[in-house]
Number of protein chains: 2
Amino acid sequence: MSNQARPASGSTRLARLTVADQVRDYLVVEISEGRLAPGSPIRELEIAELLGTSQTPVREALRELAALGLIDVRRHVGARVRDMAEQDLVDSVPVRAALESLAGRIAVSVPQPARDAIQLAYDDLLEAAEGGDPLVYAKASTEFHRSVVRAAGNDALERAWNSLGIEVMTIMATANHDGPLVEAARAHAEIVEAIGSGDADRAERVLHDHQDHYLPTTRRPA
Amino acid sequence: MSNQARPASGSTRLARLTVADQVRDYLVVEISEGRLAPGSPIRELEIAELLGTSQTPVREALRELAALGLIDVRRHVGARVRDMAEQDLVDSVPVRAALESLAGRIAVSVPQPARDAIQLAYDDLLEAAEGGDPLVYAKASTEFHRSVVRAAGNDALERAWNSLGIEVMTIMATANHDGPLVEAARAHAEIVEAIGSGDADRAERVLHDHQDHYLPTTRRPA
DNA sequence: TCCTCACACATTATCGATAATCCTTGACAG
DNA sequence: CTGTCAAGGATTATCGATAATGTGTGAGGA
């Protein structure tokens with residue numbers, strides 16, 4: 001879905017956003033920052049008017065958000081913001097664990113260049129953490145995990161992972177999080193090492209266990 | 001995405017299909033049966049004219065197909081059928097294994113009513129196999145696996161599984177398959193039993209290993 | 001009281017037409 | 001001969017308006 005126009009981590013790739021993309025981004029921010037509360041109805045024409053566009057791109061954006069599980073759409077009736085409260089965050093953890101540990105297992109036996117992106121993403125993550133902005137950190141963290149999944153070179157895996165809407169989850173989990181970001185970032189070093197070590201079992205285990213960091217109750221393991 | 005209007009296995013739930021849904025189904029069949037070969041360009045207006053609709057529902061269908069990885073879309077340029085030859089089928093197997101084995105592990109400890117649907121889906125599958133139509137069988141098989149995933153009651157898991165486009169995969173894998181369908185159907189009995197047994201490890205293992213049936217080279221293990 | 005059903009309303013789903021964008025081709029300068 | 005750039009054509013992206021659909025409401029009967 002959002003397969004193109006995804007800015008590469010760090011670099012400023014120029015890719016003009018379509019109106020539909022902008023609407024999607026707008027809605028994601030509104031939802032993840034709580035201005036569109038769970039249960040709020042989202043009417044296509046209302047959003048269209050608000051943003052000065054027509055119904056079509058709004059509609060397209062809504063379908064994407066539905067695919068990410070951010071909203072519920074009932075045909076001919078309308079869309080509302082899903083209540084992602086704790087449940088979805090909790091639900092997504094074992095799924096992430098399953099997918100990312102699989103990615104880790106595959107990634108160790110992939111040619112080196114494919115793994116370079118992981119190191120770069122880790123550097124970006126540290127930098128973002130030092131910046132101190134939770135939103136930037138959340139995005140960098142998402143990109144790091146995405147780089148691991150991508151390194152496996154399995155399209156089906158990447159698609160499944162994308163469908164979890166990790167970015168939004170991470171933003172939501174990080175929003176109320178005022179702990180030390182740098183420390184959280186450093187927890188990812190273990191992943192880089194494990195994949196670099198070439199030990200498939202270790203990479204699998206490390207990535208599986210890492211997901212505990214994203215459980216609400218264990219959010220600040222330090 | 002295709003979250004509603006999915007006919008319940010066997011029963012004839014009345015849910016009128018929107019034009020977009022019909023277009024999607026049309027394209028899925030055309031692609032999976034090879035009439036739209038890999039690499040073929042798909043022009044929105046051409047399909048619209050062909051089916052007597054407007055561009056809008058075609059466009060919507062294409063976005064869904066892109067999300068399933070069935071086509072590649074380049075903005076302002078067009079869509080082409082992806083070459084799913086073997087690679088995507090092979091890629092999806094370990095991902096299915098990871099997701100469905102997780103589903104099995106969870107499903108064993110879920111209240112009984114949630115598991116009834118699995119038995120019903122299995123009955124439908126047997127019936128479809130006896131009918132002899134590979135297309136019907138493929139759909140029933142998909143529904144069976146979906147029922148297992150759904151039994152876990154984890155939305156994130158279900159979404160990730162849906163993103164794999166299992167239905168199309170199964171159709172494609174079954175299309176060139178003229179072996180005994182009933183035998184293939186019975187291979188699913190083991191899954192029903194394992195989940196019914198309450199043994200999480202067993203359910204996980206059975207569902208993991210079952211995926212080998214979908215490897216092209218092992219398609220007819222008998 | 002409770003149920004059924006027709007009708008009005010709110011909202012989406014679809015349409016036909018236009019605007020925006022990208023790719024290609026060919027001319028032209030270096 | 002090669003690289004750059006500017007039209008032209010093909011296709012998508014967006015628009016504004018209309019059709020189709022699901023839901024709630026209230027009248028009427030059992």
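Here is the naming used below: chain letters follow the sequence lines, and residue numbers restart at 1 for every chain.
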Taking atom P of C:dT12 as reference, at what distance in whole Å does atom CD of A:E49 sit?
-> 13 Å
Is there side-chain contact between B:H210 and B:H188, with heavy atoms separated by less than 4.5 Å?
-> yes
What nucleic acid atoms does A:T56 come within less than 4.0 Å of, heavy atoms only: base, sugar-phosphate, or nothing?
-> base
Nearest-angstrom distance from the residue atom CD of B:Q22 to P of C:dA13 | 14 Å
Sorted by chain and number, sequence neighbours left out, side chain to side chain contact (heavy atoms under 4.5 Å, CB included) with A:S163 holds for B:A160, B:S163
Nearest to side-chain heavy atoms of A:S54, which nucleotide of C:dC22, C:dC15, D:dC15 | D:dC15
Expected output: side-chain A:S141 to main-chain A:A138 donor-acceptor under 3.5 Å | no
Contact class for B:L62 (heavy atom, under 4.0 Å): base, sugar-phosphate, or nothing?
-> nothing
Quick note, B:H76 side chain, CB onward, closest among C:dA13, D:dA13, C:dT14 is D:dA13
B:E60 (side chain) and C:dA13 (base): donor-acceptor pair under 3.5 Å = no
In whole angstrom, what separates A:E44's CD from C:dT11's P?
-> 11 Å
d(CG, A:L45; P, C:dT14) in whole Å | 15 Å
Evaluate whether atom CD of A:E46 has more than 12 neighbouring non-hydrogen atoms of other residues, nucleotides or ligands under 6.0 angstrom away.
-> yes
Any A:R80 side-chain nitrogen or oxygen under 4.0 Å from OP1 or OP2 of C:dT11 | no
Polar side-chain atom of B:Q211 near backbone of B:L207 as donor-acceptor pair, under 3.5 Å | yes
Would you say a side-chain N or O of A:R59 is under 4.0 Å from OP1 or OP2 of C:dT12?
-> no
Using whole Å, report how far CG of B:D21 lies from P of D:dT21.
-> 13 Å
For B:G52 and for B:V77, find the nucleotide of DNA chain C with the closest heavy atom, then tell me which residue's nucleotide is more 5'.
-> B:G52
When the distance from CZ of B:R63 to P of D:dT12 is rounded to whole Å, what number comes out?
-> 11 Å
Once you round it to whole Å, what is the distance between C1' of C:dT14 and CG of B:L51?
-> 14 Å
When you check the phosphate oxygens OP1 and OP2 of D:dT12, does a side-chain N or O of B:R43 lie under 4.0 Å from one of them?
-> no
Within less than 4.0 Å of OP1 or OP2 of C:dC23, is there a side-chain N or O belonging to B:R74?
-> yes
The answer to which of A:Q55 and A:V19 contacts DNA chain D further toward the 5' end, by nearest nucleotide, is A:V19
